[in-house]
Amino acid sequence: MTVLTRIEEQGCGCGTADHPGDLISIDEAVAQILRNAGHVRESEEVALAGARGRTLAEPIAAIAAAPPFDNAAMDGFALNTACLVGPGPWRLPVVTRIPAGQRGSEPLPMGAAAQIFTGALMPDGADAVVMQENVRRTENTIIVSHEILAGAHVRRKGEDMAAGDMVVPAGRTLTGRDIAACAAAGRATVCVRRRLRVALVVTGDEVNSPGRTLSSGGIWDVNTPMLSALIPAPEIELVDVLGFRDNRAALRQQLSALADEVDLIVTTGGISVGEEDHVKPALSDLGLDMVFSGVAIKPGKPVSYGRLGQAHWLGLPGNPLSAFVTWQLFGTVLCQSLAGNSASSPDRRHVVLSQELRHSYGRCEVRLAEISGFDSTGREIVRFDKTTHSGRVARLPAADGVILIPSEVEVLPEGALVEFQPFRD
Ligand SMILES: Nc1nc2c(c(=O)[nH]1)N[C@H]1C(S)=C(S)[C@@H](COP(=O)(O)OP(=O)(O)OC[C@H]3O[C@@H](n4cnc5c(N)ncnc54)[C@H](O)[C@@H]3O)O[C@H]1N2
Ligand code: MOO
């Protein structure tokens, strides 16, 4: 496959194109979220074993050296290599036995060996371990027939961590790998940011809960199950899931109550320009401080973000694919930032197009794509849909993420590089 074009610009390119009205680019929207979303102040101490996915509020330093003492890396015999002089083989008496966990042992006399087990404390006077498979053993002696280097099969005190070494920085969302390092650093608990409190509000007179009989003019509610599944995480508690009718006064009352209870209100629907779109008017009545209202993105153009008192508001469009994509692009970044994660920028990489791509000049399009393999130089190849339909979700299960098609692009050849953002399930 020949690569013809490289897109040099970072981000989606929306910012450089003439898009309608006051719409901002995807990257500008992410930047505005990061500028406006501080993190929750409160923190709590939690057991290390239950801390996966929580965001570290304080750095973790090693309480003591790891390993805490010189110890054997193999089952075998500890000896001092200085006694292996002249031509071998060498016969050494086995004078003691040191299992792992034994507190200490007598110093090893020069010319003698100690039977030792993996993890056991090295005796003073020994500088190497020879594996049991590499000696001949008689009842109480061993015969060593090849040279042993000083330090062989010995794990040195502090070779993994010195006391006081920084092991995991603050602001990191803890993984199983971090937890392993914290445990080796001697920590039983860690100080993490408290969980975010999030409310989901799904609006629309036409939406029907799955499982009921579909009303005339009604559609199945996709956004409630979809976002109820996507939002919760170890650092995020979905405290309320509410369905509201398209009524400004009722919305005003409920949103006002929620703003006092949660850190973030996520709404879907009701944010476009129609007379039945009541979310923005209701929030405006309540004194919403709008940060942005609309992004030059397809799908998801009406996505909006603002502050309502102490709470944050993210307005996702009603169309389910638009809601899914805008949650992936903006909601995840907002939550990571609020949770105190210091690495909350989007996770993107360049991939190679499997075929020619066509796009209508205008908004930056985020089109469903799946990684289909690798080219001869090891770069990932993506297959992608021909078009984007904001109300269709049947293709979502096969998609691994989206490709970002810059607004000014009309055709890209097979082999061109484009940005790809993977979905977080
Ligand atoms: N005159 C204009 N009309 C529209 C514009 C525009 O710029 N001018 N923008 C269009 C775009 S783009 C989008 S996206 C939608 C977004 O509108 P809203 O966020 O106000 O969403 P609704 O109107 O409430 O719903 C849109 C669509 O999605 C369906 N929907 C809503 N909720 C659900 C749900 N929970 N599950 C499944 N489907 C849902 C709803 O029935 C509508 O079909 O506005 C365009 N209009
Ligand atoms: O921006 Mo809308 O989400 O295309 O349908």
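In listed order, ligands and their atoms are each counted from 1.
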Quick check: [X] and ligand 1, any N/O pair under 3.5 Å apart?
X      : result
Asp277 : yes
Gly300 : no
Glu206 : yes
Gly318 : yes

Show which atoms of ligand 2 fall inside a sub-4.0 Å distance from at least one heavy-atom site of [X].
X      : result
Pro299 : 1 (O), 3 (O), 4 (O)
Arg363 : 1 (O), 4 (O)
Asn319 : 5 (O)
Ser322 : 2 (Mo), 3 (O), 5 (O)

How far is [atom] from its nearest protein heavy atom, and which residue and atom is that?
atom                    : value
atom 3 (N) of ligand 1  : Ser272 OG, 3.9 Å
atom 38 (N) of ligand 1 : Ile219 CD1, 3.1 Å
atom 35 (N) of ligand 1 : Asp221 OD1, 2.8 Å
atom 5 (O) of ligand 2  : Ser390 OG, 2.7 Å
atom 7 (O) of ligand 1  : Lys301 NZ, 2.7 Å

Inset, instruction - Begin from the C-alpha positions of Ser25 and Asp27 and carry the test side-chain hydrogen bond (donor to acceptor under 3.5 Å, both in side chains) through to its verdict. - result: CA-CA 5 Å; Ser25 70; Asp27 290 347; 5.8 Å; no
Side chains of [X] and [Y]: does their closest heavy-atom pair fall under 4.5 Å?
X      : Y      : result
Met226 : Phe324 : yes
Val303 : Phe330 : yes
Gln115 : Thr96  : no
His312 : Leu338 : yes

Under-4.0 Å heavy-atom contact with ligand 1, by part of [X] that carries it:
X      : value
Pro320 : side chain
Pro302 : side chain
Val273 : side chain
Asn319 : both
Val202 : side chain
Thr224 : neither

Inset, instruction - Please state whether Gly300 comes within less than 4.0 angstrom of ligand 2, counting heavy atoms only. - result: yes
Inset, instruction - Could you go through the side-chain hydrogen bond (donor to acceptor under 3.5 Å, both in side chains) check for Thr55 and Glu235 one step at a time? - result: CA-CA 7 Å; Thr55 308; Glu235 77 278 33; 5.0 Å; no
Legend entry - Asp221 side chain to Ser209 side chain, donor-acceptor N/O pair below 3.5 angstrom: no
Legend entry - Donor-acceptor side-chain pairing of Ser304 and Lys280 below 3.5 angstrom: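 A pair is found: one side chain offers a donor N or O, the other an acceptor, under 3.5 Å apart.
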Per-atom contacts, ligand 1 versus [X] - under 4.0 Å to a heavy atom:
X      : result
Trp220 : 36 (N), 37 (C)
Pro317 : 14 (S), 19 (O)
Val207 : 32 (N), 33 (C), 34 (C), 35 (N)

Inset, instruction - Using side chain to side chain donor-acceptor pair (under 3.5 Å) as the criterion, point out the one residue from Arg54, Arg195, Arg193 that pairs with Glu44. - result: Arg54
Legend entry - N/O separation below 3.5 Å, Lys301 to ligand 2: yes
Legend entry - Test log, rule side-chain hydrogen bond (donor to acceptor under 3.5 Å, both in side chains), inputs Thr267 and Trp313: CA-CA 8 Å; Thr267 61; Trp313 166 68; 2.9 Å; yes
Legend entry - Gly270 heavy atom under 4.0 Å from ligand 1: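 Contact present.
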Legend entry - Any Gly204 heavy atom less than 4.0 Å from ligand 1: no
Any chance you could measure [X], atom [atom1], to [Y], atom [atom2], to the nearest 0.5 Å?
X      : Y      : atom1 : atom2 : result
Ile405 : Arg358 : CD1   : CZ    : 12.5 Å
Ile98  : Ile116 : CD1   : CD1   : 4.5 Å
Arg155 : Asn71  : CZ    : CG    : 4.5 Å
Thr189 : Glu45  : OG1   : CD    : 3.5 Å

Legend entry - Shortest heavy-atom approach to atom 36 (N) of ligand 1 - which of Val222, Leu227, Thr203, Asn208: Val222
Inset, instruction - Go through Asn208 and Ser215 one step at a time and tell me if the side-chain hydrogen bond (donor to acceptor under 3.5 Å, both in side chains) criterion holds. - result: CA-CA 7 Å; Asn208 287 223; Ser215 61; 3.1 Å; yes
